[in-house]
Amino acid sequence: MDHPRNNAPPSADRLHAPIARLLRPLVRLFIRSGMTFPGLVDLLRELYVNVAEYDFVLPDKEQTDSRVSLLTGIHRKEVRRLRGAGAPISATPAAVSRASRIIARWLAAPEFTDAEGRPLALARAADQGCAEPSFEALVASVTRDVRPRAVLDEWLDRKLVEIDADGRIVLAESAFVPQGGSDQQLYYFGRNLHDHVAAAVANVLGEGPRFLERAVHYDGLSDGLAESLEKRSREIAVAALQEANREAHAACAQDPGGRHRWIMGVYIYRDEDASAEDAPQIEAGGDTAS
């Protein structure tokens, strides 16, 4: 149930507990990956200056070192050094963008899917004068900047596709789950978490209509039931994402284009709650949102 909202952001002290919980898994990643606390502080200092410089500009006023220093608590000398340097941004690697577009089309376009919406196994190239869908036609329908054979060789090496007994190209399960620690996975790690957090932050700040940002959660479950619910939720989530992809793909064919972007994401998580009682009661969370 939505409660009356005002546009005043929460006080800093009220953010401590939720931010600590949010950052805990990231700190675990930082330590495992060798990112030290001083290194993280340097990154945060640059981000603070960058966000203050570009996201908190007053109308018709020049953003000054003094104001950025006031907003961030960073000394003016440091602000002057860091301004304009630019914080790290999430530019989409060309190979990731190309692969995503080709896979999205393979999963959505009627000519490359069966009657139930599943991606077809594709011949490498269509026979002369034959309208049979092929991998070559799929790649060419998305980009002509790279040869289909080069894409195929790359995807076979990355195990995104397989060759079946009939010599047809089959989209592999690994196409949906990038290899752990790969550049592709790290790109989506940053992009997907950014957009999820951005939606939640916009809801907390009351910046216009609320984004859908909800979760169903149950605590105090047996290991078997938690595993079963995870498996079933994967099936539900994949079906929902594939349907959204098909509808978006069809709608884009009629769209004139512009500067907006849209993303729909799903996450599933389970673990053992170390703080739970030895014999906890099942606790339902229903449908919760920020």
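For clarity, every value in this text was computed on a predicted model and none was experimentally measured.
- Side-chain atoms of Ile263 and Asn192, non-hydrogen and from C-beta on, do get closer than 4.5 Å to each other.
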Validation: residues 108-120 side-chain donor-acceptor distances under 3.5 Å, sequence neighbours left out:
| from | atom 1 | to | atom 2 | distance (Å) |
| --- | --- | --- | --- | --- |
| Glu111 | OE2 | Arg105 | NH2 | 2.7 |
| Thr113 | OG1 | Ala109 | O | 3.1 |
| Asp114 | OD1 | Glu116 | N | 2.9 |
| Asp114 | OD1 | Gly117 | N | 3.0 |
| Asp114 | OD1 | Arg118 | N | 2.8 |
| Asp114 | OD2 | Arg118 | NE | 3.0 |
| Asp114 | OD2 | Arg118 | NH2 | 3.3 |
| Glu116 | OE1 | Arg118 | NH1 | 3.3 |
| Glu116 | OE1 | Arg118 | NH2 | 3.3 |

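- Summarising the geometry of Phe211 relative to Ala202, their closest heavy-atom pair is CE1-CB, 3.9 Å, with the distance given to 0.1 Å.
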- Task: Please report the C-alpha distance between Arg144 and Val139 in whole Å, then the side-chain angles of each, then the deciding distance to 0.1 Å, and finally whether the side chain to side chain contact (heavy atoms under 4.5 Å, CB included) criterion is met.
- Result: CA-CA 8 Å; Arg144 295 187 179 276; Val139 174; over 6 Å; no
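- Of all non-hydrogen atoms in Lys61 and Val57, the two that sit nearest each other are O-CG1, 3.8 Å.
- Counting only heavy atoms from C-beta outward, the side chains of Glu154 and Leu160 never approach each other to under 4.5 Å.
- Atom CG of residue Leu47 and atom CG of residue Leu40 lie 9.0 Å apart, to the nearest 0.5 angstrom.
- Expressed to the nearest 0.5 Å, how far CG of Leu43 lies from CG of Asn50 amounts to 10.5 Å.
- For Ser11, the side-chain contact (heavy atoms from CB on, under 4.5 Å) partners are Asp13, Arg14, not counting sequence neighbours.
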Counting only pairs under 3.5 Å, give me each side-chain donor-acceptor contact of residues 62-70, with atom names and distances, residues two or more places apart or in other chains.
| from | atom 1 | to | atom 2 | distance (Å) |
| --- | --- | --- | --- | --- |
| Gln63 | OE1 | Arg67 | NH1 | 3.3 |
| Gln63 | NE2 | Ala52 | O | 2.8 |
| Gln63 | NE2 | Phe56 | O | 3.2 |
| Thr64 | OG1 | Arg67 | N | 3.1 |
| Asp65 | OD1 | Arg83 | NH1 | 2.9 |
| Asp65 | OD2 | Arg80 | NE | 3.4 |
| Arg67 | NH1 | Phe56 | O | 2.3 |
| Ser69 | OG | Ile74 | O | 2.6 |

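- Looking at every heavy atom in both residues, Met264 comes nearest to Leu241 through O-CD2, 3.7 Å.
- When hydrophobic clusters are built by joining Ile, Leu, Val, Met, Phe, Trp and Tyr residues whose side-chain heavy atoms come closer than 4.5 Å, directly or via intermediates, Val51 is not grouped with Val49.
- Under the side-chain contact (heavy atoms from CB on, under 4.5 Å) criterion, Leu29 pairs with Ser33, Phe189, sequence neighbours left out.
- Under a cut-off of 6.0 angstrom, the local environment of CZ in Arg147 is sparse, with at most 12 non-hydrogen atoms contributed by other residues, nucleotides or ligands.
- Hydrophobic clustering, with ILVMFWY side chains joined whenever heavy atoms are under 4.5 angstrom apart, keeps Leu71 apart from Leu82.
- Counting heavy atoms from C-beta on, the side chains of Val204 and Pro10 come closer than 4.5 Å.
- In the hydrophobic cluster analysis, where Ile, Leu, Val, Met, Phe, Trp and Tyr join through side-chain heavy atoms closer than 4.5 angstrom, Leu15 is grouped together with Leu22.
- For the atom pair CZ of Arg124 and CD of Glu136, the computed distance is 11.5 Å after rounding to the nearest 0.5 Å.
- In this structure, CG on Leu26 lies 10.0 Å from CE on Met35, to the nearest 0.5 angstrom.
- Here CG of Leu122 is found 10.0 Å from CG of Asp164. Values are rounded to the nearest 0.5 Å.
- Both Leu156 and Ile103 are members of a single hydrophobic cluster when ILVMFWY side chains are connected at heavy-atom separations under 4.5 Å.
- By the 30° and 60° cut-offs, the orientation of the rings of Tyr267 relative to His196 is tilted.
- Atom CZ of Phe30 sits about 14.0 Å away from atom CZ of Arg32, to the nearest 0.5 Å.
- Trp106 and Val170 make their closest contact through CH2-C, 4.1 Å (heavy atoms, listed as atom of the first residue, atom of the second, distance).
- Follow the hydrophobic side-chain contacts under 4.5 Å out from Val266 and you never reach Val216; the two are in separate clusters.
- Residues Val79 and Tyr48 form no side-chain contact, since every pair of their non-hydrogen atoms from C-beta on lies 4.5 Å or further apart.
- More than 12 heavy atoms of other residues, nucleotides or ligands sit less than 6.0 Å from atom CG of Asp271.
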Name the atoms and distances for all side-chain donor-acceptor pairs under 3.5 Å in residues 229-239, with sequence neighbours left out.
| from | atom 1 | to | atom 2 | distance (Å) |
| --- | --- | --- | --- | --- |
| Glu230 | OE1 | Arg270 | NE | 2.3 |
| Glu230 | OE2 | Arg234 | NE | 3.4 |
| Glu230 | OE2 | Arg234 | NH2 | 3.1 |
| Arg232 | NH1 | Glu235 | OE1 | 3.0 |
| Ser233 | OG | Leu229 | O | 2.9 |
| Ser233 | OG | Glu230 | O | 2.8 |

Name every donor-acceptor pair, under 3.5 Å, that has one atom in a side chain of residues 251-261 and the other anywhere in the protein, sequence neighbours excluded.
| from | atom 1 | to | atom 2 | distance (Å) |
| --- | --- | --- | --- | --- |
| Asp255 | OD2 | Gly257 | N | 3.0 |
| Arg261 | NH1 | Asp195 | OD2 | 2.9 |
| Arg261 | NH2 | Asp195 | OD1 | 2.6 |
| Arg261 | NH2 | Asp195 | OD2 | 3.4 |

